[in-house]
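Data block below; observations after.
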Number of protein chains: 2
Amino acid sequence: MTTPSETCGTVGTGDFSCGLDATLRIISGKWKPLILFFLRDGPKRYSELKRLISGVSNKVLIQQLKDLEADLMLVRTDYKEVPPRVDYALAPLGRSLADAIVPLCTWGTDHMAEMASILAKRDTLP
Amino acid sequence: MTTPSETCGTVGTGDFSCGLDATLRIISGKWKPLILFFLRDGPKRYSELKRLISGVSNKVLIQQLKDLEADLMLVRTDYKEVPPRVDYALAPLGRSLADAIVPLCTWGTDHMAEMASILAKRDTLP
DNA sequence: CCGAATCCCACGGGATACTG
DNA sequence: CAGTATCCCGTGGGATTCGG
């Protein structure tokens, strides 16, 4: 068994109270975890991501991609063609983070039925 | 190697495009991942959580605790004493989710140095 | 000590139109 | 196709106060 303090290790020694803080600052943003996750199986073009992540708006997708790029989580490649062609790929750092996200997805898949009923109730009973 | 589609499995068969969606609905909220994480090593009283999670406000902490309780992630116990004593503990579902969060913390801890410098730049360069 | 009740607002995010 | 540029808004979240 690992306790939080064991897992965090450096509590109070840095700018972060816990390693989780650092992670949360990177993936805070409605679609960032999904972006990282979908890029796991290879580089994707902008339009592919847009299609994969249903519900995201143009502006926000671009913005979160830029954030992740600035945070060195992914690499943007512009092929300077016409019509434009650009793709986004995980940088090494981003890959490791994406791997850390996988368990979240697995959890969601495993408990999808329960979650569906729970969230359904939540939506009907304010 | 696991691809996103392999990991998600049930893409398009439910209300969620991907298992990750379900998870994100539960942990969306600035402090929810931290709450779940800190409860991993046992039940905590309200004031303990408040102290552990530095920066959270009273209202929001209560709010997110209630959300997680309504989502069956944790159990609130009121000991009906005076002065009041209440604690929060992980429900089985919450424990499994908290376990899925551990890798995020580990990642943050492992890359804390890089993150500190990256985020420092991000704050100085708008 | 735990939490309910207010007030308030920045800001993350959505919709739309336009450009190279 | 891959963005940029605006406008706009809901709400998540912060500060403070009060109550049992």
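Fair warning: this is a prediction, and the values are worked out from it, not measured in the lab.
When the C1' atom of dC1(C) is taken as reference, atom CZ of Arg85(B) falls 12 Å away, rounded to whole Å. In this structure, the CG atom of Leu65(B) is 17 Å from the P atom of dC1(C), given to the nearest Å. If you take CD of Gln63(B) and P of dA5(C), they are 12 Å apart, rounded to a whole angstrom. Rounded to an integer number of Å, the gap from Arg51(B) CZ to dC1(C) C1' is 13 Å. Atoms CG (Leu49(B)) and C1' (dC2(C)) sit 12 Å apart, rounded to a whole Å. The separation between Ile53(A) atom CD1 and dA2(D) atom P is 14 Å, rounded to whole Å. For Lys50(A) and dA2(D), the NZ to C1' distance is 11 Å, given to the nearest whole Å. Taking atom NZ of Lys44(A) as the reference point, atom P of dC1(D) lies 17 Å away to the nearest angstrom.
Not one side-chain nitrogen or oxygen of Lys66(A) sits closer than 4.0 Å to the OP1 or OP2 atom of dG3(D). Remark: Tyr46(B) is not in phosphate contact with dA4(C), judged by side-chain N or O atoms under 4.0 Å from OP1 or OP2. Between Arg45(B) and dC2(C) there is a side-chain polar atom (N or O) within less than 4.0 angstrom of OP1 or OP2.
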Can Lys44(A) and Asp87(A) be said to form a salt bridge (charged side-chain N to carboxylate O under 4.0 Å, His left out), step by step? CA-CA 5 Å; Lys44(A) 296 259 180 301; Asp87(A) 66 30; over 6 Å; no

Test salt bridge (charged side-chain N to carboxylate O under 4.0 Å, His left out) on Arg25(B) and Asp71(B) and set out the steps. CA-CA 10 Å; Arg25(B) 294 197 202 176; Asp71(B) 290 341; over 6 Å; no

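Paired with Met73(A) under the rule side chain to side chain contact (heavy atoms under 4.5 Å, CB included), one option of Leu97(A), Ile35(A), Leu65(A), Ile27(A) passes, and it is Leu97(A).
Remark: Ser47(B) OG to Asn58(B) CG distance equals 11.5 Å, nearest 0.5 Å. Here the CG atom belonging to Asp21(A) is positioned 10.0 Å from the CZ atom belonging to Phe37(B), to the nearest 0.5 angstrom.
As judged by a 4.0 angstrom heavy-atom cut-off over every strand, Lys80(B) is placed among residues making no nucleic acid contact. Nucleic acid contact for Tyr88(A): sugar-phosphate only, since backbone atoms but no base atoms lie under 4.0 Å from a heavy atom of the residue.
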Heavy atoms under 4.0 Å is the rule here; annotate nucleotides 6-20 of chain D 5' to 3' with B where the base is hit, S where only the sugar-phosphate is, and - elsewhere. BB-----BBB----B

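The main-chain N or O of Cys105(B) is never found under 3.5 Å from a side-chain atom of Thr23(A) such that the two would form a donor-acceptor pair.
The heavy-atom pair separating Leu39(B) from Leu74(B) by the smallest distance is CD1-CD2, 3.7 Å.
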